[in-house]
Amino acid sequence: MTTDAATEHRSEHTGGHRWTTRAVHAGKDDLAALGLHAPPIDLSTTYPSHDVAGEAGRLDSFAEGHDDGGPPVYGRVANPTVRRFETALAELEGAEAAVAFASGMAALSACLLAQVAAGTPHVVGVRPLYGSTDHLLSSGLLGTSVTWAEPGEVADAITDRTGLVVVESPANPTLGEVDLRALAQECGEVPLLADNTFATPVLQRPVTLGASLVLHSATKYLGGHGDVMGGVVACDEATARALRQVRFLTGAMLHPIAGYELLRGLATLPVRVRAASATAAELARRLADHPRVTRVHYPRVGGAMVSFETSADPVALVSAVRLLTPAVSLGSVDSLVQHPASLTHRIMDEVSRKDAGISPDLVRLSVGLEDVEDLWADLARALDQAGS
Ligand SMILES: *Cc1c(COP(=O)(O)O)cnc(C)c1O
């Protein structure tokens, strides 16, 4: 899906406003009636009530994964500020509901635990995936087992114990793309979980392509400033109930201040993603012409991530930058660079890395909002320095 297609999407629920308008207003529609402009942050860990029987009933309902929007009884169950972020993200992904977690990995863990609880612990994974996702699935730490499959082989890998197919597109760090619509067809009745961290709903809305669960490391573009950790899953209400049950019992709730920051981040998400994508596309073009760059990976869907293989020493290159920051993570207003084989994908063994197409020469850029000329000057200088 192109940016324009996402922009053109009109919400049926909100007077037909366009997607970018909803990115600013979603989760805040009640504020003016409350006499507020900024969303309130509710830091309560408990909620008073003199109606003990009523409170008990409400707690039972929450324990079954319902969330009626009323007082949450206890801070681990739900939170009004976090709910605003959930409501907004669900709307922007075109999903019925969303459930927010303390991190992207907490969100993924909840999906896996819900699946184990449902008696379908087998996962089909499509590589490459985020390094820790790959490791969590490979290790079977949460009681799942995994079969790795290429797109096109997924239907054959599915058994009657398969509860989830996991894919990332564009994928980390190769930026390889999978046809999500075709993959969703292959999955049949088995839910497809698409990690949409890299594309964000600005560039791609996997629910519209047939995915059942859309996962984000909200730590990245949704927050967008490198100062908040969070995760979120957009899905249908039945799945959301299962995820809320897990969140309640495992304590992986998103903090309300993080919920506030993530909601604030959504308002600028379209502007940030489009501006950084334009810079990233230009850097990809210039890198392709650089003598020390052997291959550039930039996804068709666009986005602010670029990776490239270099004949220079990739570790020396990452150390030589001055404006870019050598660091893991991505999706911030400032640009970051890292060497996946040494850092983010170090946890995978060498054979798995090779299978996933992660070359030792690969360098990954997360492009921020700096001027393209300053970024290029820094990169070109670091490439020259690392190649000599
Ligand atoms: C960072 C990341 C995750 C994990 O999210 P955390 O917030 O770090 O737990 C999952 N998937 C992708 C694609 C990521 O970039």
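In this text, all values refer to a predicted model and were calculated from it rather than measured experimentally. Residue indices begin at 1 and follow the sequence shown. Whatever order the structure lists ligands and atoms in, that order sets their numbers, starting from 1.
The list of salt bridge (charged side-chain N to carboxylate O under 4.0 Å, His left out) pairs with a residue in residues 172-197, not counting sequence neighbours, is empty. Applying the salt bridge (charged side-chain N to carboxylate O under 4.0 Å, His left out) rule to pairs touching residues 233-256 yields Glu86-Arg247, Glu237-Arg241, Glu237-Arg244, sequence neighbours excluded. Note on residues 298-324: no pairs pass salt bridge (charged side-chain N to carboxylate O under 4.0 Å, His left out), not counting sequence neighbours.
Around atom CZ of Arg381, more than 12 heavy atoms belonging to other residues, nucleotides or ligands sit under 6.0 Å away. Around the OH atom of Tyr47, the shell of radius 6.0 Å holds more than 12 heavy atoms that belong to other residues, nucleotides or ligands.
Under a 3.5 Å cut-off, the side chain of Arg364 and the backbone N or O of Pro173 do not form any donor-acceptor pair.
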Please produce the table of protein N or O atoms sitting under 3.5 Å from N or O atoms belonging to ligand 1, one pair a line, distance to 0.1 Å.
| unit_1 | atom_1 | unit_2 | atom_2 | d |
| --- | --- | --- | --- | --- |
| ligand 1 | 5 (O) | Ser217 | OG | 3.0 |
| ligand 1 | 7 (O) | Gly104 | N | 2.9 |
| ligand 1 | 7 (O) | Ser217 | OG | 2.8 |
| ligand 1 | 7 (O) | Thr219 | OG1 | 2.7 |
| ligand 1 | 9 (O) | Gly104 | N | 3.0 |
| ligand 1 | 9 (O) | Met105 | N | 2.8 |
| ligand 1 | 11 (N) | Asp195 | OD2 | 2.7 |
| ligand 1 | 15 (O) | Lys220 | NZ | 2.7 |

